[in-house]
Amino acid sequence: KLAVGDSFYLEGSTSALIQAIGAYQEWLTFFPTHPLSCRVILKIGEAEMRQIGLPDRDATRAKRAETRLKAIFQQCSDPAILTEARTRLRQVQDNLGLHNLLIANYYYTLSVDQKKGGLKGSQSRFREIIDKYPDFDFMDEVLYKLAVTYLVEEETDQAARYFQRIVSDYPNSEYVKKATEQLELIGATVPAAHPERTKVMPPEDVSFFQNFKNQLFGVYPMTIDKDGVLMTKNFEKEKFEMIDQIIENQGDILVNQIPK
């Protein structure tokens, strides 16, 4: 059953990935406590990730991938699996954060720049990013624009709260100077930068060519293992793989035979 899931996963087309998820799920139904179960859950998450589009597209697959990956932290204790899951989850949540940011920015432009309303729409999206995706790469932009919406409403205490977070938590942000100026204008305290945050740098700009390639193919860059659970993508007959061990064991594998 697991090998069937791998065969679909290795094929990699959208329809094959959907079948891979089904096969992996079926295997987990029969073997929920098997030593390989955590790897299978991770592989389901990666199968969902491989179907994620750009942040301006439908976010259904990204939300499914997030749900799958979060399940690993509730069911697994393997440090290696948890490390991989943490990396994958961060990338998926960045995609979801960008999806929300695009919507928030639409309402922000409508309300702040064009004075046409939509302020509450932008605020709710900005707050959702803050609450759900605390490690979001563009959090400084979120904090600054949310603060500006509160200035528009003349809620200076709320605005100061978010301007202060930029100065203290994102000292290398392009928004620090503007945030500091706003804090001085409203007479609020300008905090010092937290020492542990001084090494946090803004995300690198994507090159024009890479951005063009991503847009052309509708691909959001992520770290995804294209190998299956039992079989690798570049299968070599001479190379001993986990599937060979299972065949040798007549259908199962021992814990000490699973590669770390």
Side-chain angles (χ1 to χ4, degrees), residues 14 17 45-70 86-153 155 158-159 161-163 165-166 169-170 172-179 182 200-224:
T14 300
L17 289 170
E46 289 182 320
E48 296 285 9
M49 288 175 70
R50 291 176 70 179
Q51 300 174 74
I52 293 175
L54 295 172
D56 60 355
R57 314 289 169 83
D58 179 64
T60 301
R61 290 294 177 188
K63 289 178 180 177
R64 287 182 185 175
E66 181 186 34
T67 300
R68 305 284 194 183
L69 293 168
K70 281 183 174 179
R86 200 168 288 112
T87 300
R88 309 289 194 274
L89 182 60
R90 170 73 185 273
Q91 293 173 339
V92 169
Q93 290 187 331
D94 262 350
N95 180 281
L96 288 167
L98 281 169
H99 178 80
N100 270 4
L101 182 58
L102 289 170
I103 298 170
N105 280 343
Y106 168 78
Y107 288 116
Y108 180 87
T109 300
L110 203 66
S111 58
V112 176
D113 297 338
Q114 300 176 7
K115 315 297 182 187
K116 292 182 179 179
L119 201 64
K120 294 300 182 184
S122 64
Q123 286 177 342
S124 65
R125 289 289 181 166
F126 287 138
R127 284 197 298 264
E128 184 177 347
I129 295 171
I130 293 170
D131 293 341
K132 289 186 176 180
Y133 316 119
D135 297 320
F136 182 51
D137 275 346
F138 301 96
M139 185 62 77
D140 54 341
E141 178 182 348
V142 172
L143 293 169
Y144 180 80
K145 290 182 176 178
L146 180 57
V148 170
T149 65
Y150 284 118
L151 281 184
V152 172
E153 293 183 322
E155 295 187 32
Q158 280 281 60
R161 173 186 167 197
Y162 293 110
F163 284 136
R165 275 192 61 183
I166 295 170
D169 294 357
Y170 301 91
N172 298 308
S173 166
E174 62 180 288
Y175 294 97
V176 166
K177 183 179 179 181
K178 291 180 181 178
Q182 291 295 338
V200 177
M201 304 301 293
E204 294 182 5
D205 289 334
V206 179
S207 69
F208 172 81
F209 176 76
Q210 185 61 51
N211 185 60
F212 175 78
K213 182 179 177 182
N214 292 344
Q215 291 290 335
L216 181 64
F217 295 104
V219 173
Y220 183 77
M222 292 185 179
T223 305
I224 303 173

Residue list, salt bridge (Lys or Arg N to Asp or Glu O under 4.0 Å) with Arg68, at least two apart or on another chain: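 Listed in chain order: Glu48.
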
Stepwise salt bridge (charged side-chain N to carboxylate O under 4.0 Å, His left out) check, Glu66 with Lys70: CA-CA 6 Å; Glu66 181 186 34; Lys70 281 183 174 179; 3.6 Å; yes

Partner set under side chain to side chain donor-acceptor pair (under 3.5 Å) for Asp113, not counting sequence neighbours: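 Side chain to side chain donor-acceptor pair (under 3.5 Å) list for Asp113, sorted by chain: empty.
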
In chain order, what residues pass the side chain to side chain donor-acceptor pair (under 3.5 Å) check against Asp140, with sequence neighbours excluded?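 Ser173.
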
Let me confirm one number: the [atom1]-[atom2] distance from [X] to [Y], rounded to the nearest 0.5 Å.
X: Phe136; Y: Leu143; atom1: CZ; atom2: CG; result: 10.5 Å
X: Ser122; Y: Ile103; atom1: OG; atom2: CD1; result: 12.0 Å
X: Leu98; Y: Tyr133; atom1: CG; atom2: OH; result: 10.5 Å
X: Met139; Y: Asp94; atom1: CE; atom2: CG; result: 9.5 Å
X: Ile52; Y: Met49; atom1: CD1; atom2: CE; result: 5.5 Å

Nearest atoms (heavy-atom pairs only) where [X] meets [Y]:
X: Arg125; Y: Ala104; value: CB-CB, 3.5 Å
X: Tyr162; Y: Ala147; value: CB-CB, 3.8 Å
X: Phe126; Y: Val142; value: O-CG1, 3.5 Å
X: Ser111; Y: Gly118; value: CB-C, 3.8 Å

Main-chain N/O of [Y] paired to [X] side chain as donor or acceptor, under 3.5 Å:
X: Asn95; Y: Gly53; result: yes
X: Arg88; Y: Thr223; result: yes
X: Asn172; Y: Met201; result: no

In sequence, state the C-alpha distance, the side-chain angles, and the governing distance for Arg64 and Thr60, and then conclude on side chain to side chain contact (heavy atoms under 4.5 Å, CB included). CA-CA 6 Å; Arg64 287 182 185 175; Thr60 301; 3.7 Å; yes

Residues passing the ring-ring contact (aromatic ring centres under 6.0 Å, His included) test with Tyr106, sequence neighbours excluded, are none

Could you pull out all residues at least two apart from Tyr144 that satisfy ring-ring contact (aromatic ring centres under 6.0 Å, His included)? Phe163, Tyr175

Pair Glu153, Gln123: side-chain N/O donor-acceptor within cut-off below 3.5 Å: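 Note: Glu153 and Gln123 side chains meet the donor-acceptor criterion.
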
With sequence neighbours excluded, give me every salt bridge (charged side-chain N to carboxylate O under 4.0 Å, His left out) pair touching residues 127-138. Arg90-Asp137, Glu128-Lys132

Hey, does Thr67 have a side-chain heavy atom less than 4.5 Å from the side chain of Lys63? no

Quick one: do Ile166 and Gln182 satisfy side chain to side chain contact (heavy atoms under 4.5 Å, CB included)? Show the steps, please. CA-CA 12 Å; Ile166 295 170; Gln182 291 295 338; over 6 Å; no

Can you spot which of Ile129, Leu101, Leu146 makes a side chain to side chain contact (heavy atoms under 4.5 Å, CB included) with Glu141?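 In the set Ile129, Leu101, Leu146, the residue that makes a side chain to side chain contact (heavy atoms under 4.5 Å, CB included) with Glu141 is Leu101.
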
